Amino acid sequence: MTTTTRAPGPGFFAQLLDPAQRADPYPLYARIREHGPTRLGETPVVVLSSYHDCATVLRHRAASVDRHHASIPLGPTPVHDLAGSLSGELTGTASMLFLDAPDHTRLRRLVAKAFAPAVVRGLEPRITAIADAALDRAAEHGQLDIVTDLAYPLPITVICELLGVPLADEPQIRQWSTLLARTLDPVSATVTGSRPDPAELVRANNELHDYFEQLVRRARTQTGDNLLSALIAAEESGDALTHDELIATCALLLIAGHETTVNLIANTALALLHHRHHLAILRTVPAFAESVIEESLRYDPPVQLIPRIARDTIRLPGIDIAAGDLAIMLIAAANHDPTVFTDPTRFNPARGDRHLAFGLGQHFCLGAPLARREAAIAITRFARRVVNPRLTDDPPPYRDHLTLRGPATIPVTYSEIIPI
Ligand code: HEM
């Protein structure tokens with residue numbers, strides 16, 4: 001370990017893991033950022049929080065996503081870490097999110113076409129119909145919880161339709177996904193603390209794997225024009241991807257395709273309810289949604305941190321990250337770095353897209369165009385149709401998840417949901 005010595009903050013990482021921080025972790029992020037890059041005690045774990053440090057590592061050639069490079073035992077995916085001694089019972093292989101080139105390049109190329117901006121534009125009418133149907137249902141029930149009634153149903157429906165996953169299976173998928181999203185929280189490698197039951201995580205991992213095994217088996221006997229059939233065709237054509245890679249890709253897309261976007265829609269709605277003049281503009285100027293979404297991605301990012309493992313020494317001002325070290329990049333802290341964003345705690349949709357919410361470099365979010373469109377449409381329909389929405393719970397309750405942070409519910413009162 002070749003760090004310049006620097007005392008770690010006073011248990012700040014434990015504080016970050018504390019669910020009590022979930023509603024507003026930004027003052028803590030500011031303290032961590034002011035402290036500078038920090039090694040957690042004697043561990044090979046380094047926490048980075050400035051824009052410069054996070055962006056440098058995300059673009060760095062020696063920054064790997066492959067956990068085999070770690071000097072402490074990390075499994076091929078976080079679920080393997082959390083599973084600990086049960087890892088032998090796990091089925092499946094790592095998805096592209098945890099693979100370096102050349103495997104990463106090969107797998108990413110196979111799915112990239114499905115999420116290109118032109119393809120996403122073609123989905124707009126369907127996304128709008130799903131958003132409006134969700135608001136219609138809420139109007140029928142006479143109450144609106146932005147998370148349960150809009151932010152969740154929209155992206156889960158879209159990704160299920162893209163993958164050819166029957167929506168009837170959504171309740172089961174929700175259980176697996178909620179658990180597996182927790183495996184992205186960097187608890188096992190760093191500090192002790194509350195963590196989900198490993199046996200449950202292993203079960204969720206394996207059941208989701210088996211679920212896609214069956215879905216693929218059924219899809220092979222039918223002709224389809226969805227992403228799943230395209231991936232099956234690639235698998236059957238030869239060496240494009242293995243069967244296990246096909247399953248891992250489906251599972252990744254299913255989870256990444258909605259867990260994050262739910263938070264983007266929810267976080268944006270919350271920001272607009274706190275900044276009502278922007279909500280008023282959006283009601284009459286739908287094109288404003290793009291700037292609002294971009295600022296929401298900076299201001300309150302759905303993914304709060306990204307891990308990397310150094311394959312070789314990475315030198316940053318104030319710290320050397322040695323080969324085998326785990327770097328945890330607090331991108332939510334970087335998005336509030338005052339050396340890059342003037343008055344960073346202010347919600348200002350005029351800033352542009354210079355945030356790290358979708359990552360940077362080779363693993364830059366593949367679904368960014370889809371996420372942006374889904375969120376822009378959801379928030380535009382909400383602003384247009386829901387008259388005088390008011391928060392009933394401020395701050396709303398948050399889910400436990402640290403990495404994929406977002407509100408559990410956002411109940412609002414309103415005077416009317418305008419019919420279309
Ligand atoms: C607001 C919504 C979203 C956010 C904030 C988000 C964020 C991210 C981030 C930060 C990464 C990079 C992780 C890393 O560097 O280790 C990533 C990767 C990825 N995202 Fe997203 N994502 C969102 C929506 C989506 C959607 C809708 C999909 C697919 C339908 C998707 C699919 C992926 C995939 C496949 C990767 C892995 C890319 C790779 O390894 O090359 N994401 N996302």
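Bear in mind that the values here come from a model prediction, so they are computed numbers and not experimental data. As the structure lists them, so they are numbered: ligands from 1, and atoms in each ligand from 1.
- Applying the ring-ring contact (aromatic ring centres under 6.0 Å, His included) rule to His258 yields the partners Tyr152; only residues at least two apart in sequence or on another chain are considered.
- Partner Arg405 forms a side chain to side chain contact (heavy atoms under 4.5 Å, CB included) with one of Leu305, Asp300, Val303, Asp400 and no other, that one being Asp300.
- Contacts classified as ring pair (Phe, Tyr, Trp, His ring centres under 6.0 Å) and involving residues 165-184 (residues at least two apart or in different chains) are given here: Trp176-Tyr211.
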Write out each pair where an N or O from ligand 1 and one from the protein are under 3.5 Å apart, with the distance.
unit_1, atom_1, unit_2, atom_2, d
ligand 1, 15 (O), Arg308, NH2, 2.7
ligand 1, 16 (O), Arg308, NH1, 2.9
ligand 1, 40 (O), His104, NE2, 3.4
ligand 1, 40 (O), His363, ND1, 2.6
ligand 1, 41 (O), His104, NE2, 2.6
ligand 1, 41 (O), Arg108, NH1, 2.7

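- The ring pair (Phe, Tyr, Trp, His ring centres under 6.0 Å) contacts involving residues 298-324 comprise Tyr299-Phe347, where partners must be two or more places apart or lie in separate chains.
- Ring geometry for His275 against His278 counts as tilted: the plane angle lies between 30° and 60°, on a 0 to 90° scale.
- No side-chain N or O of Asp66 forms a donor-acceptor pair with one of Ser64 less than 3.5 Å apart.
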